[in-house]
Amino acid sequence: MDLIGTILWPLKWVVELLLVAFHWLFSNLGMGYNDGITWVLSIVGLVLVVRAALIPIFVRQIKSQRKMLEVAPQLKKIQDKYKGKKDQFSREAMSRETMAMYKKTGTNPLASCLPLLLQMPIFFALFSVLNDAQRSNAGVGPLDQSLAESFGNATLFGNAPLHDTFASQWTRWIAGTDFNLAVMLIAATMVILMTASQFITQLQIVSKNMSPETKASPMFKQQRIMLYLLPLVFAFSGVAFPLGVMFYWLTSNIWTMIQQFLVIRNMPTPGSEAAKAREERLARKGKLIATDGDIIVVEEPAKPVQRQQPVGKARAKKQTGPKK
């Protein structure tokens, strides 16, 4: 077993355990043991558990990014101080001052990247387990040969195998041979949903969660490129994914989209439009704390009271009716 296989082995074992556990649960709830929908729901449950377990890592990543934003002005001052100086002495001096600033503020530029690096083996393990299962290959742990064959032969709506892809059916259609329209329709729908969810996730960041300083930097241009590039990557690569793996990607994308929405709403980047909107919400509720400790309350304008029209005597008598 190679190094990557050794690293992924325990992760794949845990992934298989979760997948088999959800399959056992749904099967015992009355769903078909070999049905595609049973395996699809098992994939969804697997992704939800894994992504929920990664929330502490994600929160730590957000906090690290916030610290880097706080020290960004100090870092820029150091860079401006040595701007245009390319001699060895100036480079060493700038490096020393930068490291001293990081030590003083307790920040680390690699801290925001570390959670992402920790997540990558987990996602590789997820993809590997699902990809092997769709080929009816037994896993390294609880996913034995019988379960792998059940997964590999499972179908949606009776004729859309989870191991099939849009690209394979498209090739058959172009060649004029028999093709599976159900696979093409399901895959096309999921590619659209995957692309849309990825675009919305990136759009939330670019439009609401960037400070004016960031929007004026080259980083913003990179984010704008990613806004359109990543959805295109999903659109073109998604047609080659088996249906089972696409359900994994779609569930993960939807989780990321919702998670990003909640983060932007409750932990926005300082100075961004989302931060200003949050401050306004807190101020209206009387929960916004100023830097001096005072509570800021925004009084909403009083609604105009509709003036009551006076009722004439004749009209009043008509409304009361004749006396008995």
Side-chain angles (χ1 to χ4, degrees), residues 8-59 115 118-158 160-165 182-183 186-187 189-194 196-198 200-201 234 238 241-263:
L8 293 182
W9 191 92
L11 297 175
K12 290 173 69 173
W13 202 97
V14 174
V15 167
E16 290 178 18
L17 178 64
L18 291 171
L19 183 64
V20 171
F22 275 111
H23 180 262
W24 176 87
L25 174 64
F26 291 124
S27 298
N28 282 272
L29 289 176
M31 303 184 70
Y33 186 87
N34 297 317
D35 289 352
I37 188 63
T38 306
W39 282 108
V40 167
L41 291 177
S42 301
I43 293 171
V44 173
L46 165 66
V47 175
L48 294 180
V49 170
V50 172
R51 293 304 300 267
L54 290 174
I55 287 178
I57 297 177
F58 179 77
V59 172
L118 292 175
Q119 294 175 46
M120 288 178 65
I122 298 175
F123 292 136
F124 278 131
L126 278 168
F127 182 86
S128 178
V129 168
L130 295 180
N131 203 37
D132 288 344
Q134 288 177 143
R135 292 177 170 81
S136 300
N137 295 329
V140 300
L143 190 67
D144 58 24
Q145 187 62 42
S146 175
L147 287 166
E149 290 178 359
S150 173
F151 191 110
N153 297 324
T155 59
L156 288 173
F157 308 113
L162 291 180
H163 66 264
D164 217 336
T165 66
V183 171
I186 294 172
T189 302
M190 294 188 66
V191 167
I192 293 172
L193 293 175
M194 288 165 61
S197 59
Q198 183 65 43
I200 293 172
T201 301
F234 275 100
F241 288 162
L243 294 182
V245 174
M246 290 178 71
F247 276 106
Y248 151 67
W249 279 113
L250 178 60
T251 307
S252 184
N253 277 9
I254 293 175
W255 177 283
T256 302
M257 181 177 66
I258 297 173
Q259 182 175 258
Q260 193 67 56
F261 171 79
L262 294 175
V263 168

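Just so you know, these numbers use all the heavy atoms, side chains as well, and skip hydrogens, waters and symmetry mates.
When all heavy atoms of Ser136 and Gly152 are compared, the pair lying nearest together is OG-CA, 3.7 Å. Closest heavy-atom contact between Ala182 and Ala160: CB-CB, 4.2 Å. Between Asn34 and Ser150, the shortest heavy-atom distance links the atoms OD1-OG, 2.6 Å. Closest approach of Asn253 and Thr201 over heavy atoms only: O-OG1, 4.4 Å. Between Asn131 and Pro242, the shortest heavy-atom distance links the atoms OD1-CG, 4.3 Å. The two residues Ala148 and Leu143 have their closest heavy-atom pair at N-CD1, 4.3 Å.
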**Request:** Report the C-alpha distance between Asp132 and Lys12 in whole Å, list the side-chain angles of each, state the deciding distance to 0.1 Å, and finish with yes or no for side-chain contact (heavy atoms from CB on, under 4.5 Å).
**Result:** CA-CA 11 Å; Asp132 288 344; Lys12 290 173 69 173; 3.9 Å; yes

* To do: Quick one: do Val50 and Tyr248 satisfy side-chain contact (heavy atoms from CB on, under 4.5 Å)? Show the steps, please.
  => CA-CA 11 Å; Val50 172; Tyr248 151 67; over 6 Å; no

- [ ] Evaluate the side-chain contact (heavy atoms from CB on, under 4.5 Å) criterion for residues Val191 and Met246: first the C-alpha distance (whole Å), next the side-chain angles of each, then the deciding distance (0.1 Å), finally the verdict.
- [x] CA-CA 8 Å; Val191 167; Met246 290 178 71; 3.5 Å; yes

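Residue Trp13 forms a side chain to side chain contact (heavy atoms under 4.5 Å, CB included) with just one option from Leu11, Leu17, Val15, and that option is Leu17. The only option from Ile43, Val49, Leu41 that meets the side chain to side chain contact (heavy atoms under 4.5 Å, CB included) definition with Phe22 turns out to be Val49.
Atom CG of Leu130 sits about 10.0 Å away from atom CD of Glu16, to the nearest 0.5 Å. Summarising the geometry, atom CG belonging to Leu250 is positioned 11.5 Å from atom CD1 belonging to Ile192; distances are rounded to the nearest 0.5 Å. If you take CG on Leu162 and CD1 on Ile186, they are separated by 8.5 Å, rounding to the nearest 0.5 Å. Expressed to the nearest 0.5 Å, how far CZ of Phe26 lies from CD1 of Ile37 amounts to 9.0 Å. The distance from the CG atom of Leu147 to the CD atom of Glu149 is 10.0 Å, given to the nearest 0.5 Å. Rounded to the nearest 0.5 angstrom, Met194 CE and Thr189 OG1 are separated by 12.5 Å.
Contact of the Pro161 side chain with the Leu243 side chain is not registered, since no non-hydrogen atoms from C-beta on lie closer than 4.5 Å. Counting heavy atoms from C-beta on, the side chains of Ile55 and Gln259 come closer than 4.5 Å. Using a 4.5 Å heavy-atom cutoff, the side chains of Leu54 and Trp255 are not in contact. Counting heavy atoms from C-beta on, the side chains of Arg51 and Thr256 come closer than 4.5 Å.
Remark: side-chain polar atoms of Thr38 are paired, donor with acceptor, to backbone N or O of Gly32 under 3.5 angstrom.
By the ring-ring contact (aromatic ring centres under 6.0 Å, His included) test, Tyr33 pairs with His23, sequence neighbours left out.
Listed by first and then second residue, the ring pair (Phe, Tyr, Trp, His ring centres under 6.0 Å) pairs involving residues 136-158 are Trp39-Phe151 (not counting sequence neighbours).
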